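Mind looking over this structure? Questions follow.
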Amino acid sequence: MDLGLNEAKVFVAASSSGLGAATARQFSLEGAHVVVNGRYQDRLEETAAAIRRESGNNVLALSGDVTDGETARTLIENAAARLGGLDILVTNAGGPPPGTFESVSLDDWEKAFQLNVMSAVYMIRAALPYLKQSSRASILTITSVSVKQPIDNLVLSNSVRMAVAGLTKSLANELGEQGIRVNSILPGWTRTGRVTQIMESRAQAQGITAEEAGKRQGASTPLRRMGEPEEFANVAVFLCSPAASYVHGAMIPVDGGAIRTTL
Ligand SMILES: NC(=O)c1ccc[n+]([C@@H]2O[C@H](COP(=O)([O-])OP(=O)(O)OC[C@H]3O[C@@H](n4cnc5c(N)ncnc54)[C@H](OP(=O)(O)O)[C@@H]3O)[C@@H](O)[C@H]2O)c1
């Protein structure tokens, strides 16, 4: 199937590693012009160079913190200027720290809101004028399975992801008639740097290896394993592509069946 992404102009936020990097790579392999982003230019250049080597397509590296409104706006405007427009925006950022309602501070709440909700708001506001000019415009937000089912000890993530889910559905309502599709992926446990760190700290606490901690987490899903970033990226790239032209306002789990509910 031709995904119709050749020469598409794509900005993938928070993509120096993890789910974002895998998604940027897959877009590039499909022939898109991709901008990768992260806070640290050196690290980002390495990611861009690795993708470029593999795909043979140009990849731009624009560093900046997407939680800062002015920085996020400038990033999108620079990306659109360098690419000559924008067709696809993938919003993403790091995840908030773990904790329970009684262990996290008010400052943690504000930071989590800024990290996951406001970063998406900033980027989407800045991108809309360009997306409106595109004939294959699409926005993808990255949330979590926690929008369907809270995860223990992640009160911040469980809460702020719901706001991004609400934003995604509202935007689908508002932007559909302008031909801009908006969807979200709800990742389950996927083997990225962030998850490896979580498994290492679990392993230390439980006196087991990180590999064993990962196996135990994976065993809790119907597929009995964690996901790989490429498995996430394949779905992300399809959802953003013209091949998914009637998929709009969808909240798609990529979770090995972890969400058991039917709705
Ligand atoms: N992996 C999973 O199992 C899973 C499951 C559900 C939800 N999620 C969520 O999906 C998102 C991506 O997860 P991941 O596992 O890929 O995380 P990751 O491995 O920690 O990667 C996060 C990426 O975001 C960048 N980043 C972090 N803060 C940023 C900021 N303020 N501005 C710009 N870039 C920033 C990081 O680069 P720099 O550090 O270089 O800036 C890195 O490239 C997170 O929100 C995570 O909570 C992940």
Side-chain angles (χ1 to χ4, degrees), residues 11-26 35-48 50-51 61-76 79 90-99 111-123 140-151 153-165 184-200 202 213-214 217-218 220-221 225-233 235-236 251-256 258-259:
F11 183 91
V12 184
S15 51
S16 58
S17 65
L19 304 181
T23 302
R25 169 184 173 270
Q26 197 57 44
V35 174
V36 289
N37 157 257
R39 289 165 297 179
Y40 310 105
Q41 188 68 28
D42 288 0
R43 199 172 165 212
L44 197 57
E45 292 288 359
E46 281 174 26
T47 303
I51 298 175
L62 292 183
S63 60
D65 184 339
V66 294
T67 65
D68 178 75
E70 195 49 32
T71 306
R73 187 180 62 77
T74 308
L75 279 168
I76 298 289
V90 179
T91 70
N92 184 28
K111 282 191 181 139
F113 193 77
Q114 203 65 26
L115 178 65
N116 292 118
V117 185
M118 291 314 296
S119 64
V121 170
Y122 297 142
M123 287 186 272
L140 178 72
T141 61
I142 298 178
T143 52
S144 167
V145 286
S146 69
V147 303
K148 299 275 185 190
Q149 187 170 286
I151 300 171
N153 202 40
L154 282 183
V155 70
L156 295 171
S157 177
N158 294 340
S159 305
V160 298
R161 307 268 184 213
M162 294 296 274
V164 181
S184 188
I185 295 188
L186 286 49
W189 288 96
T190 313
R191 205 186 304 273
T192 63
R194 174 175 158 86
V195 167
T196 301
Q197 272 176 1
I198 295 172
M199 292 308 133
E200 277 164 4
R202 271 193 201 173
Q217 183 59 60
S220 70
T221 69
R225 64 176 178 84
M226 285 206 218
E228 298 299 330
E230 294 68 32
E231 296 178 297
F232 170 93
V235 181
M251 312 293 294
I252 307 283
V254 179
D255 68 344
I259 298 171

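We number each residue from 1, following the sequence as shown. Since the model is a prediction, treat every value here as computed from it, not as a measurement. Ligands are counted one by one from 1 in listed order, and the atoms in each one are counted from 1 as well.
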Within a radius of less than 6.0 Å around CE of M162, do more than 12 heavy atoms belonging to other residues, nucleotides or ligands occur?
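Not buried by this count: 12 neighbours or fewer within 6.0 Å.
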Worked check of side-chain contact (heavy atoms from CB on, under 4.5 Å) between F232 and R191
CA-CA 10 Å; F232 170 93; R191 205 186 304 273; over 6 Å; no
So which protein heavy atom does atom 38 (P) of ligand 1 come closest to, and at what separation?
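Scanning the protein heavy atoms, the shortest distance from atom 38 (P) of ligand 1 goes to R43 NH1, 3.2 Å.
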G38: numbered ligand 1 atoms lying under 4.0 Å from its heavy atoms:
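Taking each heavy atom of G38 in turn, ligand 1 has 34 (N), 41 (O) under 4.0 Å.
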To which of R194, Q41, R39 does the heavy atom nearest atom 19 (O) of ligand 1 belong?
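Looking at heavy atoms only, the winner is R194.
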Protein residue, atom and distance nearest to atom 13 (O) of ligand 1, heavy-atom basis
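Residue, atom and distance for the closest contact: L19 CD1, 3.9 Å.
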Compute the shortest N/O to N/O distance between D65 and ligand 1 and return yes if it is under 3.5 Å, no if not.
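For ligand 1, there is an N or O atom that lies under 3.5 Å from one belonging to D65.
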Does G188 come within less than 4.0 Å of ligand 1, judged by its heavy atoms?
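Under 4.0 Å: yes for G188.
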Contact partition for N92 relative to ligand 1, non-hydrogen atoms under 4.0 Å
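The answer is the side chain of N92.
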Under 4.0 Å from a heavy atom of W189: give me the atoms of ligand 1 that qualify, with their elements.
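Counting from 1, the qualifying ligand atoms are 3 (O).
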So which protein heavy atom does atom 21 (O) of ligand 1 come closest to, and at what separation?
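Closest protein heavy atom to atom 21 (O) of ligand 1: S17 OG, 3.5 Å.
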S144: numbered ligand 1 atoms lying under 4.0 Å from its heavy atoms
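Every atom of ligand 1 under 4.0 Å from some heavy atom of S144: 6 (C), 7 (C).
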Atoms of ligand 1 close to N37 [distance to a heavy atom under 4.0 angstrom, numbered from 1]:
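Those qualifying, in numeric order: 33 (C), 34 (N).
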Any N or O on V66 sitting closer than 3.5 Å to an N or O of ligand 1?
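N/O-N/O distance below 3.5 Å exists for this pair.
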Nearest option to atom 24 (O) of ligand 1, as decided by whichever heavy atom of A14, A72, G227, A22 sits closest
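Selected option, by shortest heavy-atom distance: A14.
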Please name the pair of heavy atoms, one in S184 and one in T143, separated by the smallest distance, quoted to 0.1 Å.
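Heavy-atom minimum between the residues: OG-OG1, 3.0 Å.
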Return yes when R161 approaches ligand 1 closer than 4.0 angstrom through a heavy atom, no otherwise.
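It does; at least one heavy atom falls under 4.0 Å.
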If you measure from each heavy atom of G64 to ligand 1, is any distance below 4.0 Å?
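Contact present.
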Ligand 1 atoms in contact with V195 (distance to a heavy atom under 4.0 Å)
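Every atom of ligand 1 under 4.0 Å from some heavy atom of V195: 1 (N), 2 (C), 3 (O).
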Per-atom contacts of ligand 1 with T67, taking only distances under 4.0 Å to non-hydrogen atoms:
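In order of numbering, the contacting atoms are 31 (N).
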As an exercise, identify every atom of ligand 1 less than 4.0 angstrom from a heavy atom of G18.
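Close to G18: 16 (O), 19 (O).
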Distance filter under 4.0 Å to G193 heavy atoms, resulting ligand 1 atoms
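Selected atoms, number and element: 19 (O).
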N or O pair under 3.5 Å between P96 and ligand 1
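There is no such contact.
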At what distance is the nearest protein heavy atom to atom 14 (P) of ligand 1, and which residue and atom is it?
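Result for atom 14 (P) of ligand 1: T192 OG1, 3.7 Å.
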At their closest point, which heavy atom of G95 faces which heavy atom of R161, and how far apart are they?
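Between these two residues, the closest heavy atoms are CA-NH2, 3.9 Å.
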Does any N or O atom in A93 lie less than 3.5 angstrom from one in ligand 1, N or O only?
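Yes - when backbone and side-chain N and O of A93 are compared with those of ligand 1, one distance drops under 3.5 Å.
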Looking only at protein heavy atoms, which one is nearest to atom 37 (O) of ligand 1, and what is the separation?
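It is S16 OG, 2.9 Å.
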Could you name the option among L115, T143, L44 that has the heavy atom nearest to atom 7 (C) of ligand 1?
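Closest candidate by heavy-atom distance is T143.
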Does even one non-hydrogen atom of V145 get within less than 4.0 Å of ligand 1?
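V145: no contact with ligand 1 (<4.0 Å).
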Using a strict 4.0 Å threshold on nitrogen-to-oxygen distance, state whether E46 and R43 make a salt bridge.
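The answer is no: the pair does not qualify as a salt bridge.
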How close does the nearest protein non-hydrogen atom get to atom 6 (C) of ligand 1, and which residue and atom is it?
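Here the nearest protein heavy atom works out to P187 O, 3.3 Å.
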Which residue and atom name correspond to the protein heavy atom nearest atom 3 (O) of ligand 1, and how close is it?
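In this structure, atom 3 (O) of ligand 1 has T190 N, 2.7 Å as its nearest protein heavy atom.
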